[in-house]
Undergrad: 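Please read through the structure below; I'll follow up with questions.
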Amino acid sequence: MLRRLVKTWIREVSSSKLQEVPKDLYDSAMSYINSLRLRALHEGNDVQREVWEKEAELIESMLKAIKDLRMEKVAKSLIKRENSIINALPPEEAVLAAKLRESFELAFEGFLEAERGEEIEDEEGKVALLVTRRPPDELLKKVKVDNLEQEDVMFINKRAGKLLISLGFAEEVKVRR
């Protein structure tokens, strides 16, 4: 498994284009990690257990390196509006890419409206937000909010809320009913 991941990583590093990977890459790697950890708990001597644990950690770090590199390439493709790339991704990456595309589209819409001097149009409904960092004054004016500071909680129009979330200025607060 480790050899397979290293080859995948080398192919990704050596090309600026997103490389094709098997659809079960992450699933099979996680299954292998789980089997290593189970073996380390129930089989072998102390040295063998330590080897299995280190191998599991190494595979996890290789998976993270592959995912980070591939998501960077996906983000660049989405910025260039190459949306067809999502169809060729493993399921785990496709979910992340779809969320990333949605965030980019919301951000692009908001920035285009702001560039044209338009206010963000209202969408039916409200959303509860926790402000994670203070948005710039120009953006606050566009979303029709006077003063907003970090850690403020507020109800805001859904569209404006989605924009603040996608730009990383807020998180949605789940309301129990």
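As a basis for the values below, the full set of heavy atoms in this structure was taken, side chains included, without hydrogen atoms, waters or symmetry mates. Count residues from 1 along the sequence.
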Undergrad: Can you name the side chain to side chain contact (heavy atoms under 4.5 Å, CB included) partners of L130, sequence neighbours left out?
TA: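 L130: side chain to side chain contact (heavy atoms under 4.5 Å, CB included) contacts with V153, V173.
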Undergrad: Kindly write out the residues that satisfy side chain to side chain donor-acceptor pair (under 3.5 Å) with R39, not counting sequence neighbours, or none if the list is empty.
TA: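 Expected list: none.
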Undergrad: Please name all residues satisfying side chain to side chain contact (heavy atoms under 4.5 Å, CB included) with N34, sequence neighbours left out, ordered by chain then number.
TA: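 Partners of N34 by the side chain to side chain contact (heavy atoms under 4.5 Å, CB included) criterion come out as none, since no residue qualifies.
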Undergrad: Determine whether V131 and E151 make a side-chain contact, defined as any pair of heavy atoms from C-beta on separated by less than 4.5 Å.
TA: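 They are not in contact (no side-chain heavy atoms under 4.5 Å apart), so the answer is no.
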Undergrad: Name all residues meeting the side chain to side chain contact (heavy atoms under 4.5 Å, CB included) criterion together with K17; count only those two or more places apart in sequence or in a different chain, and write none if there are none.
TA: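 Partners of K17 by the side chain to side chain contact (heavy atoms under 4.5 Å, CB included) criterion, ordered by chain and then number, come out as S15, Q19.
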Undergrad: Apply the hydrophobic cluster definition, ILVMFWY joined by side-chain contacts under 4.5 Å directly or through others, and give me every member besides L25.
TA: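 Same cluster as L25: M1, L2, L5, V6, W9, I10, V13, V21, Y26, M30, Y32, I33, L36, W52, L58, I59, M62, L63, I66, L69.
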Undergrad: Which heavy atom in L129 sits nearest to a heavy atom in A170, and how many Å separate them?
TA: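 Taking every non-hydrogen atom into account, CD1-CB, 4.0 Å.
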Undergrad: Tell me every residue that passes side chain to side chain donor-acceptor pair (under 3.5 Å) with Q48, counting only those two or more places apart in sequence or in another chain.
TA: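 Q48: no side chain to side chain donor-acceptor pair (under 3.5 Å) contacts found.
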Undergrad: Could I get the full list of salt bridge (Lys or Arg N to Asp or Glu O under 4.0 Å) partners for E172, not counting sequence neighbours?
TA: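 Expected list: K174.
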Undergrad: Are more than 12 heavy atoms, taken from residues, nucleotides or ligands other than E60, located less than 6.0 Å from that residue's CD atom?
TA: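 It does: E60 CD has more than 12 such atoms within range.
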Undergrad: Checking D68 now: which residues fulfil side chain to side chain donor-acceptor pair (under 3.5 Å) with it, not counting sequence neighbours?
TA: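 Expected list: K64.
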Undergrad: Which residues pass the side chain to side chain donor-acceptor pair (under 3.5 Å) test with K76, sequence neighbours left out?
TA: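 Here the qualifying residues are E72.
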Undergrad: Is the closest side-chain heavy-atom distance between L89 and L18 below 4.5 Å?
TA: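 SC-SC contact between L89 and L18 confirmed.
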Undergrad: For R70, give me all partners under salt bridge (Lys or Arg N to Asp or Glu O under 4.0 Å), at least two apart in sequence or on another chain.
TA: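 In terms of salt bridge (Lys or Arg N to Asp or Glu O under 4.0 Å), with neighbours along the sequence ignored, R70 is linked to E12, E93.
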Undergrad: Salt bridge (Lys or Arg N to Asp or Glu O under 4.0 Å) with E55: which residues, sequence neighbours excluded?
TA: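 E55: no salt bridge (Lys or Arg N to Asp or Glu O under 4.0 Å) contacts found.
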Undergrad: Identify, with sequence neighbours excluded, every residue that meets salt bridge (Lys or Arg N to Asp or Glu O under 4.0 Å) alongside K67.
TA: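 K67 satisfies salt bridge (Lys or Arg N to Asp or Glu O under 4.0 Å) with no other residue.
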